[in-house]
Participant: 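Input: one structure, supplied below.
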Amino acid sequence: VPDMPAVPLTLEGAAVLHQMFRFDRGGWKRLPKEERGRIAAEATNALAPLEKGFSGIHHNQSAIYSQFGHKGDLILIHFRDSFDDLHRAELSIAGLALASFLQPVHSYLSVVELGLYESSAKTYGQLTERNLTPHTPEWNAAVEETLERQRAAMLPRLWPAIPDYRYICFYPMDRKRAESNNWYSLSMPDRQRMMHEHGQIGRRYADTVRQIITASIGLDDWEWGVDLFADDPLVFKKLIYEMRFDEVSAVYALFGSFHFGLRVPARSLGGLLEGELPAL
Amino acid sequence: VPDMPAVPLTLEGAAVLHQMFRFDRGGWKRLPKEERGRIAAEATNALAPLEKGFSGIHHNQSAIYSQFGHKGDLILIHFRDSFDDLHRAELSIAGLALASFLQPVHSYLSVVELGLYESSAKTYGQLTERNLTPHTPEWNAAVEETLERQRAAMLPRLWPAIPDYRYICFYPMDRKRAESNNWYSLSMPDRQRMMHEHGQIGRRYADTVRQIITASIGLDDWEWGVDLFADDPLVFKKLIYEMRFDEVSAVYALFGSFHFGLRVPARSLGGLLEGELPAL
Amino acid sequence: VPDMPAVPLTLEGAAVLHQMFRFDRGGWKRLPKEERGRIAAEATNALAPLEKGFSGIHHNQSAIYSQFGHKGDLILIHFRDSFDDLHRAELSIAGLALASFLQPVHSYLSVVELGLYESSAKTYGQLTERNLTPHTPEWNAAVEETLERQRAAMLPRLWPAIPDYRYICFYPMDRKRAESNNWYSLSMPDRQRMMHEHGQIGRRYADTVRQIITASIGLDDWEWGVDLFADDPLVFKKLIYEMRFDEVSAVYALFGSFHFGLRVPARSLGGLLEGELPAL
Amino acid sequence: VPDMPAVPLTLEGAAVLHQMFRFDRGGWKRLPKEERGRIAAEATNALAPLEKGFSGIHHNQSAIYSQFGHKGDLILIHFRDSFDDLHRAELSIAGLALASFLQPVHSYLSVVELGLYESSAKTYGQLTERNLTPHTPEWNAAVEETLERQRAAMLPRLWPAIPDYRYICFYPMDRKRAESNNWYSLSMPDRQRMMHEHGQIGRRYADTVRQIITASIGLDDWEWGVDLFADDPLVFKKLIYEMRFDEVSAVYALFGSFHFGLRVPARSLGGLLEGELPAL
Amino acid sequence: VPDMPAVPLTLEGAAVLHQMFRFDRGGWKRLPKEERGRIAAEATNALAPLEKGFSGIHHNQSAIYSQFGHKGDLILIHFRDSFDDLHRAELSIAGLALASFLQPVHSYLSVVELGLYESSAKTYGQLTERNLTPHTPEWNAAVEETLERQRAAMLPRLWPAIPDYRYICFYPMDRKRAESNNWYSLSMPDRQRMMHEHGQIGRRYADTVRQIITASIGLDDWEWGVDLFADDPLVFKKLIYEMRFDEVSAVYALFGSFHFGLRVPARSLGGLLEGELPAL
């Protein structure tokens, strides 16, 4: 009997870039007020259309956040149809006059991913019962059929709109490959069970927090990025604290830096640069 | 019998931001004395009202510290009613003329937290005896009742005044999730016992040191921040050294960088910038 | 019976340098348009001949990529006949007028390597059966004969052309030497079996992704560098994710930073510096 | 029987600050020679009185070292009666005209500490035999009596003069809290035995090297700082290498960065800034 | 029977400083050609005599290397009779006009060391048979006699000439003190055996690579520095890769950053600064 694949099926959607910038407020203040106005207006005009999304099919969208603390001043998030489009967005931002006052201090490149643990277990099981061998044309066709069906069903989650909440929390994470606790050496059923328990916690918070998971293996330094969106930032803390006790996080999660920001509608960008908190 | 929740009940209070700045003393000295005076006065006028607190109900307060060593020159601490207010404070500081001489080199974002280990164990036990299932409406209502009662009783500790001591010690910390020693895999009773022993050490120092614990899961890079306030900085060392031998610290604590500063009344800020140690 | 050598036979080819630069776009924009054109043209003229390769025998070649995110803006990759030639390339780039706008933020020095695990096992086995002792002249001559034969057979992979794909993913890696999981303490047959399984995954992706492995022990901070080239960047993610579950990666791989870029034909460099995405 | 305290008794003396500066030699050379002379003279005049100590009772003293390598150019060490005085010293240095040419790149804040392992074991044992309970008033009074007696006996070591040797070696260190080797989980007798063996090595080097231990728990990022002073820098290497094999170092010590410098009498500071090695 | 010392006997020779500089090529290009020539000539005149060595007895010598990659542009290596002389060399370099274009980005301070494992085992064994106790005057005198004899025999290796090869590879290293694999807890015979096997690999490469080991315990952040010199840089890779499989490296070695450079005769320095690769 050939081994079932260890890797779960996944679906991929929007290409995503997080950009964290430090704002040169000193240089900004030294500009005449009119020039500040002109530069801010150019940025607003460029970013306002993007916050609605600019494609009829997918949610190609960008959003601005004002970051707390010294890690950066502005967070820009871009969701796009392709990596080509994503890089075009990056070059556009770099072309704004405002960019001379923005120092890139951090970024994160990833792609929206849905991990299909339940579906993988079911599909792999059925195919094995049919005596199919992994990676044969028959196996691949059957897997592709499953993926196609799931992709159609989950389209809105693969190309998500940026949730319209006031606060964002972003952090990257890995699954641990330590000496005795190694996620990648666990069996599919063990991983599936833990991911299932993990998901149940999240479901209890569905009313107050939206989560978008992006994958970054081969794209950036961690394996996944997590974006949480909420109006009450305390739910970030409560959700993540509760999750930290479940097995998959307690034993197998490694976390990177946390980035926390407040949504800035494009029309409020000029005000923010002058020191005004965007209105609710 | 359903499992009791692993996560202890917590209460949250003030949103808190620590800011560490390097002061560009070279640039400062090159300013004419009058301009230095004007800039310092603007900062003093902005910060003086905040050191008393500016809300009738909560201790919305900011405080200044002169930091020792190369990690920074000024520490500003802000306690606020909400994260919106906290970010407004951050933007106000950035709007001061003094800000052109302040480079943000570190910061910490967190929220005042009281961890209710004893109360959680009691409440979870009672609810389980009443055959309630976690996360059902009945369970949640009973838990919320407990939280409401505790919140009322602990109001001053949730919205604390910044203690009026000469020295501050701030550091962030995590609970370890190592291969064999993993805090988040321990049972609630084990964690409760260790937290209790830990608290008993702190109580012996209550006369000379004040402690404020803030949580930062989902907000910043460590799980908690600890602020200690005292007139004699040696008690920081004695307290933390003694605690390092108790089980919860010896085995399960990971510490970040330590920040040490001396309180600067807003009215003494101008003097400090000219090199004068604030009077006792 | 003398021990067989633990180190597998390897073949070495082109000397390779990866250079990551941050582009000073602010300074660039401040130049008159004509001067920008002149500087870009000089760089294009220098780099265009190198992207075809400039030696009749080997693929001495350089290529440009536009990097995503804050880690850098331009990646230059140089394959050369020798380390002397490689350093000459580095000095040439530094001599361009464009170099005043390029800050070197990262680099990687390595040499194309083919690890001959299967061939080593076979050769060492045969020589041991002939009762030869490792490192004797007879042993060395027989080993050199094997290497010579393999070198001739694998010439194109030792001096590879830079694959003509739109995207690149580069990362360095180590084999772990942890307390209980130590790659360098494993037997040759164990290592050979794991490398074989690893290679089988790669073979399934051969249609969509090209891989070049370079060794950097004694040259740079990690043991190997991996370059992946593809038109669809999602295959980077799929390939590396699938590999992460095989034993040699799950247990024995340590990864450095990931660098991701989009190919820039030399003739498109000027356009890129003005903010235009290179055409497909 | 109540448990004996795990924490050993300690005595604290002088508050200590190490400052490491990079010297802007380029900017310095651009000054007219006369101005360089004036600025150097101001610094010499400020620092010369401090190198003798300026208190009749304690050795309130500062010293200058020229640091080797890229980590910094100047090391300043300050021993003071209090943290208030120490910060006053820091502000004074920042007020010198020379400070515009000094970039603070590292520092260390700590307090002279004598760890009384032998005395703690004896005292705790006696008090337990007298059936006293730790932390009761009787216990505390008896402990305070011991501390008072030791403090009087060890006064010169608590407020030490900076040893008059040509070379200094400074490094911070921790005691390990690893998964199986945790210093803070060891019994007092085990720790006492290891500290005793450790001390015996040091005693053999007493003729050629002076050591000052400072504690930094709650003050800076490591638990202790170690200053070694000698005329022959090879004894630093020999002493530390030999100690690395004793149990407390081999198993339980974690070391930070090493800083190495050559003593600069205040009167030789001007010469050093011009590139002259201070005479023996 | 008293324990034999755990620390092996060592001999120390030349004090050594590695300096890595980034070269401000942009600033350099902005200088008039004549001034560049004058500045380069001053540096060449200062460094040319040092590359021959300038003492009749020892090889007091300095050498220049052009570094590959972004870690630095120039490596300077100084071997001197004493740390006083070494710091004088450092101050001399800082005094050159060229120094305004050199930013120190890395350095390493160490001392040539020969570790006498075989001799230590033999000597300690003989002295123990003579019933001598370690650290008694008799023991010390006998040890000093051994050291004196070895020192005379190994003089050229203690004060080595800088090998006249085209390429250099420098890296620092530690012996591991991990939880179960701790070099410093091993017995002398175990360490001696592993060092012996390690040395045998090196001996097979003696024709093509020269190695100089320097110790840096108490001087810099790692325990040892390793310099390899060769005309063919591939032997660096082959030697270190082969050694990585021997027990002392596989299990007990920790490596720092690798620095790789190409020898620059002092007379070729001016050319290098203009972008010319030094001739073979």
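All chains are named by letter (A, B, ...) in the order of the sequence lines, taking the proteins before the strands, and each is independently numbered beginning at 1.
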Participant: Below 4.5 Å from any heavy atom of chain B, which atoms of Q67(A) appear? Answer side chain, backbone, both or neither.
Facilitator: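 Answer is backbone: N, CA, C or O of Q67(A) sit under 4.5 Å from chain B.
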Participant: Knowing that exactly one of R25(A), E276(A), E274(A) qualifies, which makes a side chain to side chain contact (heavy atoms under 4.5 Å, CB included) with L91(B)?
Facilitator: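 Testing L91(B) for a side chain to side chain contact (heavy atoms under 4.5 Å, CB included) against R25(A), E276(A), E274(A) leaves exactly one candidate, R25(A).
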Participant: Which answer fits V251(A), side chain, backbone, both or neither, if we ask what part of it has an atom under 4.5 Å from a heavy atom of chain B?
Facilitator: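 Contact with chain B: backbone and side chain both.
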Participant: Okay, side chain of R177(B), backbone of A250(A): is any donor-acceptor separation there less than 3.5 Å?
Facilitator: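 Yes, because the side chain of R177(B) sits within donor-acceptor range (under 3.5 Å) of the backbone of A250(A).
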Participant: Decide side-chain hydrogen bond (donor to acceptor under 3.5 Å, both in side chains) for R191(B) and Y117(B); before the verdict, give the C-alpha distance in whole Å, the side-chain angles of both, and the deciding distance to 0.1 Å.
Facilitator: CA-CA 8 Å; R191(B) 283 179 281 129; Y117(B) 262 103; 2.9 Å; yes
Participant: Among G27(A), A253(A), G256(A), which residue has the highest count of heavy-atom pairs closer than 4.5 Å to chain B?
Facilitator: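 Top option by heavy-atom pairs under 4.5 Å: A253(A).
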Participant: How close do V111(B) and K237(A) get, heavy atom to heavy atom, and via which atoms?
Facilitator: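 Shortest heavy-atom separation between V111(B) and K237(A) comes out as CG1-CD, 4.1 Å.
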Participant: Select one option (side chain, backbone, both, neither) describing which atoms of T10(B) are under 4.5 Å from chain A's heavy atoms.
Facilitator: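 For T10(B), the side chain is the part near chain A, not the backbone.
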Participant: Under 4.5 Å, counting heavy-atom pairs only, tell me which of L277(A), L239(A), I240(A) racks up the most with chain B.
Facilitator: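 Option with the top pair count is L277(A).
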Participant: Against chain A, work out which of L17(B), L86(B), V105(B), D84(B) has the most heavy-atom pairs shorter than 4.5 Å and name it.
Facilitator: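 Looking at each of L17(B), L86(B), V105(B), D84(B) in turn, D84(B) comes out on top.
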Participant: Please state whether the side chain, the backbone, both or neither of R30(A) comes within less than 4.5 Å of a heavy atom of chain B.
Facilitator: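 Nothing of R30(A), per the 4.5 Å heavy-atom cut-off to chain B.
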Participant: Please look at E12(B) and chain A and tell me whether the side chain, the backbone, both or neither of the residue comes under 4.5 angstrom of a heavy atom of that chain.
Facilitator: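 Contact with chain A is through the side chain of E12(B) alone.
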Participant: Parallel, tilted or perpendicular for H106(B) and H70(A), by the 30°/60° rule?
Facilitator: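 H106(B) vs H70(A) ring planes: tilted.
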Participant: Ring centres under 6.0 Å, that's the criterion: do Y124(B) and W139(B) meet it?
Facilitator: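 When the ring centroids of Y124(B) and W139(B) are compared, they turn out to be within the sub-6.0 Å range.
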Participant: What orientation do Y167(A) and F68(A) show, parallel under 30°, tilted 30 to 60°, or perpendicular over 60°?
Facilitator: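 Geometry flag for F68(A) against Y167(A): tilted rings.
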Participant: Between G275(A), S257(A), S249(A), which shows the greatest number of heavy-atom pairs under 4.5 Å with chain B?
Facilitator: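 The option with the most such pairs is S257(A).
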Participant: Is chain A contacted by the side chain of A15(B), its backbone, both, or neither, given a heavy-atom distance below 4.5 Å?
Facilitator: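 Contact with chain A is absent: no heavy atom of A15(B) under 4.5 Å.
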Participant: Which bit of E113(B) comes within less than 4.5 Å of chain A, counting heavy atoms only: side chain, backbone, both or neither?
Facilitator: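 Interface part for E113(B): side chain.
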Participant: For H196(A) and E118(A): C-alpha separation, side-chain torsions, deciding distance, then whether side-chain hydrogen bond (donor to acceptor under 3.5 Å, both in side chains) applies.
Facilitator: CA-CA 8 Å; H196(A) 179 77; E118(A) 322 252 331; 3.1 Å; yes
Participant: Which bit of F170(A) comes within less than 4.5 Å of chain B, counting heavy atoms only: side chain, backbone, both or neither?
Facilitator: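 Contact with chain B: none, neither part.
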Participant: So which of H87(B), E90(B), R175(B), M20(B) has the biggest tally of heavy-atom pairs under 4.5 Å with chain A?
Facilitator: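 Of the options given, most contacts go to H87(B).
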Participant: Under 4.5 Å, counting heavy-atom pairs only, tell me which of P278(A), G69(A), G26(A) racks up the most with chain B.
Facilitator: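 Most heavy-atom pairs within the cutoff with chain B belong to G69(A).
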Participant: Is N182(B) close to chain A through its backbone or its side chain, or both, or neither, when contacts mean heavy atoms under 4.5 Å?
Facilitator: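 The side chain, not the backbone.
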Participant: If you measure from CG on L114(A) to CZ on R157(A), what distance do you get to the nearest 0.5 Å?
Facilitator: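 Nearest 0.5 Å value for the CG-CZ distance: 5.0 Å.
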Participant: Check the side chains of S216(B) and Y108(B) for a donor-acceptor pair under 3.5 angstrom, ignoring hydrogens and angles.
Facilitator: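 Present: a donor and an acceptor within the cut-off.
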Participant: Is the gap between the ring centers of F83(B) and F260(A) under 6.0 Å?
Facilitator: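 Under 6.0 Å, so yes.
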Participant: Identify which of S82(B), S185(B), P104(B), A94(B) forms the greatest number of heavy-atom pairs closer than 4.5 Å to chain A.
Facilitator: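 Heavy-atom pairs under 4.5 Å are most numerous for A94(B).
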Participant: Could you tell me which portion of Y241(A) (side chain, backbone, both or neither) has an atom closer than 4.5 angstrom to a non-hydrogen atom of chain B?
Facilitator: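 Both the backbone and the side chain of Y241(A) come within 4.5 Å of chain B.
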Participant: Identify which part of R244(A) has an atom lying under 4.5 Å from any heavy atom of chain B, answering side chain, backbone, both or neither.
Facilitator: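 Both parts, heavy atoms under 4.5 Å.
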Participant: Decide salt bridge (charged side-chain N to carboxylate O under 4.0 Å, His left out) for E197(A) and R193(A); before the verdict, give the C-alpha distance in whole Å, the side-chain angles of both, and the deciding distance to 0.1 Å.
Facilitator: CA-CA 6 Å; E197(A) 291 166 11; R193(A) 175 185 52 77; 3.4 Å; yes
Participant: Which bit of L219(B) is near chain A, if near means a heavy-atom gap under 4.5 Å: side chain, backbone, both or neither?
Facilitator: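 Answer is both: backbone and side chain atoms of L219(B) are under 4.5 Å from chain A.
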